[in-house]
Structures are given as C-alpha cells and as structure tokens.
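Working notes, beginning with the structure itself.
The shown structure was predicted, so the numbers you read here are calculated from the model rather than taken from an experiment.
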Amino acid sequence: VQLQASGGGLVRTGDSLRLSCAASGRIVNRYVMGWFRQAPGKEREFVAVTSGSGGNKWYSDSAKGRFTVSRDNAKNTIYLQMTNLRPEDTAVYYCAANAAVRFDPSQYDVWGQGTLVTVSS
C-alpha cells in the first residue's frame with residue numbers, strides 16, 4: 001500500500017483542520033491506519049489509530065477530545081479532524097499503515113510523506 005497525506009497548513013490557535021491520507025495498492029480495510037506527528041527537534045509520536053473497519057479508535061492523551069480519526073474505505077482515505085488547535089500541535093503529521101494496532105511508530109512499515117501543520121499563537 002502507498003500513502004499520500006495532505007491537508008496541512010498554517011492556522012491560528014483554536015482553529016480546526018482536517019488532514020487526509022489517500023491510500024492505494026492493497027485492500028485498505030485490511031490495515032490498521034495511524035496518524036503520527038513529529039515536531040521540530042522531537043521524536044515522532046503517536047496521535048491516533050483506527051482499526052481496519054474503523055470501528056475501533058485510539059488516541060493519545062493530547063488528541064483525546066480534540067482530534068477525531070476516521071476512515072472511508074470506499075474512498076481508500078483516512079482522515080484526522082483536528083479542532084481547537086494549539087501551538088504545541090505544530091508538527092509534520094504522517095499517516096502510516098500496519099497489520100496490527102500499535103502505538104510505537106517504529107513498528108509501522110508503511111508511511112506517507114507527511115504534511116506540515118503550523119499553529120500560530
């Protein structure tokens with residue numbers, strides 16, 4: 001499977017943004033899909049993950065209540081709806097695919113190219 005993330009941009013504190021991750025290749029609904037982010041000078045960290053069917057979702061503490069991960073398997077696309085954005089959300093956001101639910105980015109084999117989200121104060 002190949003992944004292409006998009007939707008990043010420059011927003012202000014409190015704004016919302018929706019990221020998309022278009023997948024192609026193998027049957028997408030077989031894969032757990034995750035969102036991760038990497039801020040400047042920091043390690044890549046888990047944000048959210050959804051099961052293959054989309055019925056189960058997990059979030060980092062910082063994402064809970066503000067971010068929503070979803071997927072439309074008919075469109076081979078995964079989304080990350082982000083609300084009430086904060087300057088500390090500034091990072092490059094990546095989507096990734098895996099065979100099983102994992103929260104450690106090092107355990108994901110397939111990655112999109114990343115999309116930059118910048119939140120100004």
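- Closest heavy-atom contact between S20 and T77: CB-CG2, 4.3 Å.
- Cluster membership for L17 and V119, using ILVMFWY side-chain heavy atoms within less than 4.5 angstrom, is shared.
- To the nearest 0.5 Å, atoms CG (D72) and CD1 (I78) are separated by 9.0 Å.
- Taking each heavy atom of Q81 and S16 in turn, the nearest pair found is NE2-CB, 4.0 Å.
- When all heavy atoms of V1 and V110 are compared, the pair lying nearest together is O-CG1, 3.2 Å.
- Hydrophobic clustering, with ILVMFWY side chains joined whenever heavy atoms are under 4.5 angstrom apart, keeps L10 apart from Y93.
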* To do: Under the side chain to side chain contact (heavy atoms under 4.5 Å, CB included) rule, what do F103 and V101 come out as? Steps first, then yes or no, please.
  => CA-CA 7 Å; F103 305 121; V101 175; 3.9 Å; yes

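- The distance from atom SG of C95 to atom CG of L19, rounded to the nearest 0.5 Å, is 9.0 Å.
- To the nearest 0.5 Å, atom CG of residue N73 and atom CE of residue M33 are 9.5 Å apart.
- For the side-chain contact (heavy atoms from CB on, under 4.5 Å) with R12, the lone residue among P87, S121, S120 that qualifies is S120.
- A side-chain donor-acceptor contact under 3.5 Å links T83 to the backbone of R66.
- Electrostatic pairing of R86 and D89 does not count as a salt bridge here, judged by no charged N lying under 4.0 Å from a carboxylate O.
- Closest approach of S62 and R37 over heavy atoms only: OG-NH2, 3.4 Å.
- A cation-pi arrangement is present between R44 and Y94, with the terminal nitrogen or guanidinium carbon under 6.0 Å from the aromatic centre and inside a 45° cone about the axis.
- Put simply, Y79 and Y108 are part of two different groups of oily side chains (I, L, V, M, F, W, Y) that touch within less than 4.5 Å, one to the next.
- Under the 3.5 Å distance criterion, the side-chain polar atoms of K57 are matched with a main-chain donor or acceptor of V69.
- Atom CZ of residue F67 and atom CG of residue L85 lie 5.0 Å apart, to the nearest 0.5 angstrom.
- Judged by distance alone, the side chain of T115 and the main-chain N or O of G8 form a donor-acceptor pair under 3.5 Å.
- For the atom pair R18 CZ and S6 OG, the distance stands at 9.0 Å (nearest 0.5 Å).
- Residue W35 holds its CH2 atom at 8.0 Å from CE of M82, rounded to the nearest 0.5 Å.
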